[in-house]
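Structure first, commentary second.
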Amino acid sequence: MGRVSGKIALVTGAGGGQGEAEARLLASEGAHVIATDINFEAVKKVVEEINAERPGAALALQHDVALSTDWERVVAEGKTAFGPITILVNNAGILAPAPYDLVTYEHWRRTMDVNAWSQFAGMQAVIPQMKEAGVGAIVNIASLAVVNACGRFTAYTASKGAVDAVSRAAAIELAPMNIRVNSVNPGVISTAMVEEAFPDQASMEAAAAAQPLRRMGRPIDVAYLVLYLASDESWFTTGTSQVIDGGLSVSGGVTPVMEH
């Protein structure tokens, strides 16, 4: 308890999955949390449960992360409720699978707007408040697709590659302001987004079996890494791209069969 006490965190896509786990964990560790999601009913329920355990700890706001005007509104409302934002977790995103030859401009643009532009717009929106506070930690959720590409996710892979690159550039530019920027590359995490990619039990089991640890990650696993990067424990950590994937990114070699 207390790893982020006194900090004000904004977590996008907090109505479920990784964002929900991140919002709950940050609140349990002492932060005031502005939890946003395009699905207001979902995020409202999460916030009600957070506040039942720690009254007044969280605020629910509807938020289309692709819109700069929505960013301006939520950061202003968050500051009014709790004070200057000192943690931003850019979690919201879409998977949007499509075969390579069926990717349209509209599909590409929507995926880039939600996954990449939104994170840049979010950083722009919160930086003035972080400068005011004299400190800031930004955690941008990218993807293992930045490291290990796979088929049917062309636009998604491009958007997460942009997140990774922009995070590194921002880390250098914002360091003199005492604002740290890191990205996280989750592998196969058991969320609704993964269920979209693996829609039946057989495909889910095959995906789990492909992991070196023989299991999928959990949203709370990612949340604990986000908590570390958001806290003062990572005081000297910026510009990194942190992989959390159960070993998937380093697998691929052939293990020889040897007699014991």
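Numbering of residues begins at 1 and proceeds along the displayed sequence. Note that this is a predicted model, so its numbers are computed, not measured.
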Treating S234 as the side-chain partner and L229 as the backbone partner, does any N or O pair qualify as donor plus acceptor under 3.5 Å? yes

Rounded to the nearest 0.5 Å, the CD1 atom of I34 sits from the CG atom of L26 at a distance of 11.5 Å

Do the non-hydrogen side-chain atoms of Q62 and D37 ever get within less than 4.5 Å of each other? no

Exercise. Under 6.0 Å from the CZ atom of F120, do we count more than 12 heavy atoms belonging to anything else shown?
Worked result: no

* Under 4.0 Å between a Lys/Arg side-chain N and an Asp/Glu carboxylate O for D232 and R3? -> no

Output for pair (Q18 CD, S190 OG), nearest 0.5 Å, gives 10.5 Å

Less than 4.5 Å apart, any side-chain heavy atom of P84 and any of I8?
no

Would you indicate whether the side-chain heavy atoms of Q242 and S183 approach each other to under 4.5 Å? no

Are there over 12 heavy-atom neighbours, none belonging to E173, within less than 6.0 Å of that residue's CD? no

- prompt: Would you find a donor on one side and an acceptor on the other, under 3.5 Å apart, between the side chain of N39 and the backbone of A42?
  reply: yes

Can you find a heavy atom in the side chain of W71 that is under 4.5 Å from one in the side chain of L10?
yes

(request) State whether K79 and E132 are salt-bridged, where the test is any N-O pair (Lys NZ or Arg NE/NH1/NH2 against Asp/Glu carboxylate O) under 4.0 Å. (result) yes

When every non-hydrogen atom of A210 is compared with those of L248, the smallest separation belongs to O-CD1, 3.8 Å

Between R168 and S241: side-chain donor-acceptor atoms closer than 3.5 Å:
no

Is R73 salt-bridged to D70, going by a charged N under 4.0 Å from an acidic O?
yes

Item to complete: Using atom types as modelled and distance alone, determine if a side-chain donor or acceptor of N182 lies under 3.5 Å from a backbone N or O of T240.
Response: yes

Checklist entry - Going by heavy atoms in the side chains, are V139 and I87 under 4.5 Å from each other? => result no

Salt bridge present between R24 and E53 (N-O < 4.0 angstrom): no

Residues I220 and A21: closest non-hydrogen pair is N-CB, 4.0 Å

Lys/Arg-Asp/Glu bridge criterion (N-O < 4.0 Å) met for R110, E106: no

With a 4.5 Å limit on heavy-atom distance, are the side chains of S143 and F153 in contact? no

Check: Hey, are the side chains of T238 and I179 touching, using non-hydrogen atoms and a 4.5 Å cut-off?
Finding: no

- Query: Would a distance-only check, ignoring hydrogens and angles, find a side-chain to backbone donor-acceptor pair under 3.5 Å from S251 to P212?
  - Reply: no

Practice item. Count the heavy atoms belonging to other residues, nucleotides or ligands that lie under 6.0 Å from OH of Y224, then report whether that count exceeds 12. Key: no

Paired with V184, the side chain to side chain contact (heavy atoms under 4.5 Å, CB included) test is passed by just one of V163, L144, I244, namely I244

Distance-only criterion, 3.5 Å: show the donor-acceptor pairs between side-chain atoms of residues 89-105 and protein atoms not counting sequence neighbours.
unit_1: N90; atom_1: ND2; unit_2: Q119; atom_2: O; d: 3.2
unit_1: N90; atom_1: ND2; unit_2: N140; atom_2: OD1; d: 2.9
unit_1: N91; atom_1: ND2; unit_2: T12; atom_2: O; d: 3.3
unit_1: N91; atom_1: ND2; unit_2: G13; atom_2: O; d: 3.4
unit_1: T104; atom_1: OG1; unit_2: H107; atom_2: N; d: 3.0

Distance col, row Q129:CD vs L88:CG, nearest 0.5 angstrom, shows 10.5 Å

TODO: Answer yes if I138 and M177 sit in the same cluster of Ile, Leu, Val, Met, Phe, Trp and Tyr residues linked by side chain heavy atoms under 4.5 Å apart, and no otherwise.
DONE: yes

Rounded to the nearest 0.5 angstrom, the CD-CG distance for E22 and L225 is 9.5 Å

One should read off an interatomic distance between T191 OG1 and M216 CE, to the nearest 0.5 angstrom, of 9.0 Å

Looking only at heavy atoms, the pair that brings S167 and V181 closest together is O-CG1, 3.6 Å

Closest heavy-atom pair, I50 versus A57, reported as atoms and distance to 0.1 Å, is CG2-CB, 4.2 Å

- Would a 4.5 Å heavy-atom cut-off, applied to side chains only, mark H32 and R54 as touching? yes

Rounding to 0.5 Å, atoms CH2 (W108) and OG1 (T154) come to a distance of 7.5 Å

For A58, does its backbone N or O pair with a side-chain atom of N51 as donor and acceptor, under 3.5 Å? yes

* Asked: Should the pair D164-K160 be classified as a salt bridge under the 4.0 Å nitrogen-to-oxygen rule?
  -> no

task = Please determine, by modelled atom types, if S249 and D245 share a side-chain donor-acceptor pair under 3.5 angstrom.
result = yes

Scanning both residues in full, the closest heavy-atom pair of S118 with V65 reads CB-O, 3.1 Å

In short, V43 meets A35 closest at the heavy-atom pair CG2-O, 3.5 Å

